[in-house]
Structure formats: structure tokens, C-alpha cells
Amino acid sequence: LILVQDTYIALSKIGEYNFKNIKSLKIAITGSVGKTTTKDYLKNVLSYYAPTFAAPESFNNELGIALSKAQISKMDKYAIFEIGMNMKNEISNLSKLINPDIAIITNIGEAHIGNLGSKKNIAIEKSSIIDGMSNNGIVLLPRDSDYFGLLQNNALAKNLKSITFGYSDKSDIQISKITRGMGRVFIQFRVFGEVFETYSDMQNISIINNYLPVLGVAHILNYDLNEALKNIVKSIT
């Protein structure tokens, strides 16, 4: 036992001390829904190739990130964080604690609209995940969102590269076809023009949306997307 004046400050210092020596590629995920599912899918894919840390459960606030930073190992090639919010400027502050190399915004919904006042304000808050990123970072954006233009403009203003995902034909990564049969859902994806196919026993189509940013990260890292899809399927069937 170590007696300290403030346990959170002490934990934060331990986390910072550990984190400053970590060379992991850092990936941060935010969004109104799908953060934890996307994080779990991404860990399943990346850990196939290299040691990967992912924040336990929903460690998506200041305390959770401090705990996560204290737990990452020097052996981890990848570190995945989940970032949540309850109030304005929270995501920006959490992003600056992580300094992500890659950021994912899963979607813009109405969660916490009572605290932020409007869906547009939620979009602005979610886009602030880029605040802790350097200019050579990459952000993955939901192309189907009503606030896609706002998200993209904020990324461009910081000179970040963006990759888009969704159902829209304009998406870099797209769900192009879904069919049901034999108790399964068969999905066709288009990733920068290349077609990939897989299946899932999950009938909830919204869950399948979380495949898209995972494929985006696998593409960025030059991993085999057919292999990535197999590992996503393994994690949910």
C-alpha cells in the first residue's frame, strides 16, 4: 500500500510514467454508439498479428484512460482506447491524454443531447477527438452522417488524412450488399474499390456497421482484409 494525498493524481502520474516509454500505435474510438463493439472487433483483428492492448470494458473517461495508460506494456504494438463524454470539451481533453495516431468516429447520435443542447454540438464534440492528434494522423469518419461535412472540415483544418465509411457510394469503405439466408447474413464490402465478402450469424445489421472502421484500420496497416474479416466473424459467432 502507498499512502497518497490524492489517489487519482497518483494514478495519473503512474500512468504518465508508464505511457511515456510506450511506442505502441495508438488508436482512439468515439461515437454515440458502437464504441465498445468496434474496440473489441479491432482488438480481435490486431491481436492476430501482434500484441495488442485494449481498454478493459468501457474505460472511456478520465479515470479509465489513466488506468489504461498504467496497464499498457512495452510489448504491445497496438493500443486501443475508447473515449466517451458527458459534457463539452471532455473528448478534447481525453484525446490530449492519449495523442492518438488513428481516430475513429463511429457515428453521431443523440446520446447526451441534454448536456450539449443539439446534435450539431454533439458532432462538434465528437470531432474534437482529433485535438490530441499530430498532423500526420488519420481519422475514420462516418460518411452517412448528416454532419459528415463538419467532421471532414475539422479534420482538413488540422491537415489530417481522412477515410470514410458507410453505405454511401461515396464512402471509401462501403457495405455494398446485404442478403439473408440459412439463418445467416451475407455481407459484401467495397474497400477502395476492391470487393470482399463474409457472413455473420448476427441478425442485427447495426452491429455489422462496426466492421467498417475495423476494415479501415486493417487497410491502413496493410493487413489482409480477408483475414481481418475472418477474425471479426470469429469474435461474434
Side-chain angles (χ1 to χ4, degrees), residues 26-42 55 57-65 80-100 102-133 137-176 178 187 189-190 202-217:
K26 294 165 286 186
I27 304 166
I29 304 169
T30 194
S32 296
V33 294
K35 295 185 293 296
T36 302
T37 304
T38 301
K39 178 196 69 181
D40 292 343
Y41 290 173
L42 187 57
E57 300 178 6
S58 294
F59 278 27
N60 60 17
N61 59 14
E62 198 170 21
L63 175 59
I65 287 174
I80 309 168
F81 296 87
E82 186 178 333
I83 296 182
M85 71 163 189
N86 288 303
M87 62 191 74
K88 189 176 180 180
N89 297 324
E90 188 170 8
I91 290 178
S92 176
N93 293 332
L94 296 178
S95 176
K96 291 172 184 175
L97 292 175
I98 299 168
N99 302 124
I102 298 173
I104 297 169
I105 300 175
T106 59
N107 48 54
I108 305 297
E110 295 186 349
H112 307 296
I113 197 168
N115 294 336
L116 294 177
S118 71
K119 199 170 176 181
K120 181 178 179 180
N121 286 340
I122 292 173
I124 293 170
E125 178 65 19
K126 296 297 184 186
S127 73
S128 68
I129 194 172
I130 69 177
D131 289 355
M133 301 179 73
I138 302 174
V139 58
L140 288 92
L141 302 175
R143 186 65 180 80
D144 300 329
S145 171
D146 293 339
Y147 297 95
F148 170 72
L150 182 154
L151 300 175
Q152 187 179 52
N153 287 338
N154 288 352
L156 289 172
K158 197 174 172 66
N159 295 319
L160 297 175
K161 178 182 178 182
S162 63
I163 292 175
T164 65
F165 60 89
Y167 286 89
S168 168
D169 290 339
K170 297 179 181 178
S171 303
D172 297 318
I173 302 167
Q174 176 197 15
I175 295 178
S176 54
I178 295 178
I187 317 111
F189 301 92
R190 182 179 54 80
M202 298 288 290
Q203 298 296 311
N204 187 346
I205 299 301
S206 64
I207 295 293
I208 296 169
N209 295 341
N210 299 312
Y211 284 40
L212 298 173
V214 175
L215 290 174
V217 173

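These figures come from a predicted structure and were not determined experimentally. Both backbone and side-chain heavy atoms feed into the values below; hydrogens, waters and symmetry mates do not.
- Once rounded to the nearest 0.5 Å, the distance linking CZ of F165 with CD of Q174 reads 13.0 Å.
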Checklist entry - How far apart are the C-alpha atoms of I187 and I175, what are their side-chain angles, what is the distance that settles it, and do they pass the side chain to side chain contact (heavy atoms under 4.5 Å, CB included) test? => result CA-CA 7 Å; I187 317 111; I175 295 178; 3.9 Å; yes

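- Taking K39 as the reference, E82 meet the salt bridge (Lys or Arg N to Asp or Glu O under 4.0 Å) condition, with sequence neighbours excluded.
- Listed by chain and residue number, nothing satisfies the side chain to side chain donor-acceptor pair (under 3.5 Å) test with T37 (two or more places apart in sequence, or in another chain).
- With contacts defined as side-chain heavy-atom distances shorter than 4.5 Å, the pair N61/I65 does not qualify.
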Name every donor-acceptor pair, under 3.5 Å, that has one atom in a side chain of residues 151-163 and the other anywhere in the protein, sequence neighbours excluded.
residue: N153; atom: ND2; partner: G149; partner atom: O; Å: 3.2
residue: N154; atom: ND2; partner: S127; partner atom: OG; Å: 2.9
residue: K158; atom: NZ; partner: M133; partner atom: O; Å: 3.1

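- Of the listed residues (I173, T164, D172), just one forms a side-chain contact (heavy atoms from CB on, under 4.5 Å) with L212, and that residue is I173.
- Across N60 and L94, no two heavy atoms sit closer than the pair O-CD1, 3.5 Å.
- Under the 3.5 Å distance criterion, the side-chain polar atoms of S128 are left unmatched by any main-chain donor or acceptor of D131.
- Closest approach of R190 and D169 over heavy atoms only: NH2-O, 3.0 Å.
- Between P100 and A28 the shortest heavy-atom distance is CB-CB, 3.8 Å.
- For the pair I129 and I104, the tightest heavy-atom approach, listed with the atom from each and the gap, is CD1-O, 4.1 Å.
- Taken from CG in L140 to CD1 in I27, the straight-line distance is 9.5 Å, to the nearest 0.5 Å.
- Screening E90, K96, K88 for a side-chain contact (heavy atoms from CB on, under 4.5 Å) with S92, the sole residue that qualifies is K96.
- At least one donor-acceptor pair closer than 3.5 Å links the side chain of S171 to the backbone N or O of S168.
- With E125 contributing its side chain and I91 its backbone, the two residues share a donor-acceptor pair below 3.5 Å.
- The shortest distance between side-chain heavy atoms of N107 and D144 does not fall below 4.5 Å.
- From F81, atom CZ reaches atom OG1 of T30 across 14.0 Å, with rounding to the nearest 0.5 Å.
- Minimum interatomic distance between N209 and P213 (heavy atoms only, all atoms of both residues): O-CD, 3.6 Å.
- Nearest heavy-atom pair across G109 and S32 is N-OG, 2.5 Å.
- The aromatic rings of Y41 and Y211 lie perpendicular to each other, with more than 60° between the two planes, well past the 30° mark.
- Across T38, V217, I102, a single residue satisfies side-chain contact (heavy atoms from CB on, under 4.5 Å) together with I29, and that is T38.
- Of the inter-residue distances, the one linking I108 atom CD1 with T106 atom OG1 reads 7.5 Å to the nearest 0.5 angstrom.
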